[in-house]
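Remember, it's 1-based here, ligands and their atoms both numbered in the order they're listed. Note that the structure is predicted; figures quoted are calculated from it, not measured. Any value given below was found using the heavy atoms of this structure, including those in side chains, with hydrogens, waters and symmetry copies removed.
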Amino acid sequence: MYSKKQLMDWDKEYIWHPFTQMKDYMDMNPLVIQKGEGCYLVDTSGNRYIDGVSSLWVLVHGHGKKELVDAIQKQSKTLCHSTLLGLANVPSVILAKKLIEIVPKGLSKVFYSDNGSTSVEIALKMAYQYWQQKGEKRRKRFIAFTNAYHGDTIGAVSVGGIDLFHQVYGPLLFKTFKAPSPYCYRCPMKLRQETCGMACVDAFEKVVKKHHEETCAVIIEPLVQGAAGMILQPPGWLNAIWKIAKEYGLLFIADEVATGFGRTGNLFACEEERISPDFMCVAKGITGGYLPLAATLSTEEVFNGFLGQFDEFKTFFHGHTYTGNPIACAVAVESINLFKKEGLLQKLQQKTAILKNSLDRFKELTHVGEVRQKGFMVGIELVKSRKTKRSYAPGDKIGQKVIWEARKRSVIIRPLGDIIVLMPPLAIDRPTLEELVDVTYESIKAVTGS
Ligand SMILES: Cc1ncc(COP(=O)(O)O)c(C=O)c1O
């Protein structure tokens, strides 16, 4: 056994943490997690914390769910890994069939990878190659949205729109056309939601009109731009964007990495606006949060564009070593089964309403600018001045301070700048959900002095 102190020291000595200013981190005592129990994380001292962001938006049924642990154990005794390059394995076949049964109509093929960024990278490469092989050589660009986040690989960053994360890589990125996202609280077009008539849809159409002949596809996070701070699209917006893309013959990539598997209330966000994308990227919740797995789903039309004689080289020359890992696929199959077995989405409706009610009182806090919620995705935007919507200075580290305060109160959450995010596991029970919200409220109040 290693001592608690040893683990903390080695963490600081050896690990470079993602999205973390390591200078700050080195000055802190790291919190080392040892166990997961339902919707709780337990540290090396035995302290329990509510897992308020589902271990980075992945947890669905809670930690240590018997059915999922059993599925992993059973599969690992049978086959741990075998490549999908020219070979098949049992769980990947079963999962592919299951996925096609539950995703929006029109999607018929599954290409596996192991994280959200690669699932996006694959969609971009497929869309590009599809047009190249169709003889439409001019189509080399993508239309994406301001504030978009599609992952951290270079292709995914090229279609991203969060300057803080993406600007520094500018010289490495390919050119993308950007349309304004509907960040209604801070409208990039300086309009008011009540009267704008969704002018950003027209702005998108203008970009499409101008560039459609050189564009492969439109890429979008349906319903919610997650990493930008849970920015919600007004009803009808997604459907309008999709219709325009289709009218101009563009492929449509729905990045459901964050929104997929129940997060927004439906199994997939696309369902709410009745859209059928040409590609759908899924990851995070696909395994219920147990193992890394992702998939890029595409249509028959796209798939057929890659068929040809061996020496025509229309092959999709892309694949990762752990593509279609049998253990990850087996646990994903079981996780999807549990949605139905446990009536998860039906129960979620009620819990979403409870969450909505309990978030109401946040509006009383002087430094809460806006509370945004879609299903089990919540963003609470903190501002220095509610009247002018002025943000805090980055050096104030307001978001960070709130999560440290929450940690003292046995809740683990993670902010996006000054936006406090709540992403509880879908299976959370009512008392734990209420405690999560209460602690968040008290923590914001303590830090902002509201
Ligand atoms: C919409 C979206 N796409 C892609 C990604 C990247 O996923 P991953 O971190 O698994 O690479 C994320 C991660 O938050 C995301 O929210």
Is the gap between the ring centers of Tyr40 and Tyr49 under 6.0 Å? no
Per-atom filter on ligand 1: closer than 4.0 angstrom to a heavy atom of Ala258 are 16 (O)
Taking only non-hydrogen atoms of Lys284 and a 4.0 Å limit, the atoms of ligand 1 in range are 13 (C), 14 (O)
Just jot down the ligand 1 atoms closer than 4.0 angstrom to any heavy atom of Gly116, in number order. 6 (C), 7 (O), 8 (P), 10 (O), 11 (O)
Ring geometry between Phe145 and Phe204 (parallel below 30°, tilted from 30 to 60°, perpendicular above 60°): parallel
For His320 together with Tyr112, are the ring centres under 6.0 Å from each other? no
Hey, what's the ring geometry for Tyr392 with His367, parallel, tilted or perpendicular (30° and 60° as the breaks)? tilted
Polar proximity ligand 1 side, Asp255 side, N/O cut 3.5 Å exclusive: yes
Considering only heavy atoms, does His150 approach ligand 1 within less than 4.0 Å through its side chain, its backbone, both, or neither? backbone
Within-4.5 Å side-chain heavy-atom neighbours: Phe177 and Lys175: yes
To check your reading of the model: name the closest protein heavy atom to atom 5 (C) of ligand 1, its residue, and the distance in Å. Val257 CG1, 3.7 Å
Which word best sums up how the rings of Phe252 and Trp242 line up, parallel for under 30°, tilted for 30 to 60°, or perpendicular for over 60°? perpendicular
Between Arg409 and Val439, is there a donor-acceptor pair closer than 3.5 Å when you use the side chain of the first and the backbone of the second? no
So for ligand 1, is Ala227 a polar contact partner (N or O within less than 3.5 Å, distance only)? no
For Ser117, counting its heavy atoms only, list the atoms of ligand 1 lying under 4.0 Å from any of them. 6 (C), 7 (O), 8 (P), 11 (O)
The protein heavy atom nearest to atom 12 (C) of ligand 1 is Tyr149 CE2, 3.5 Å
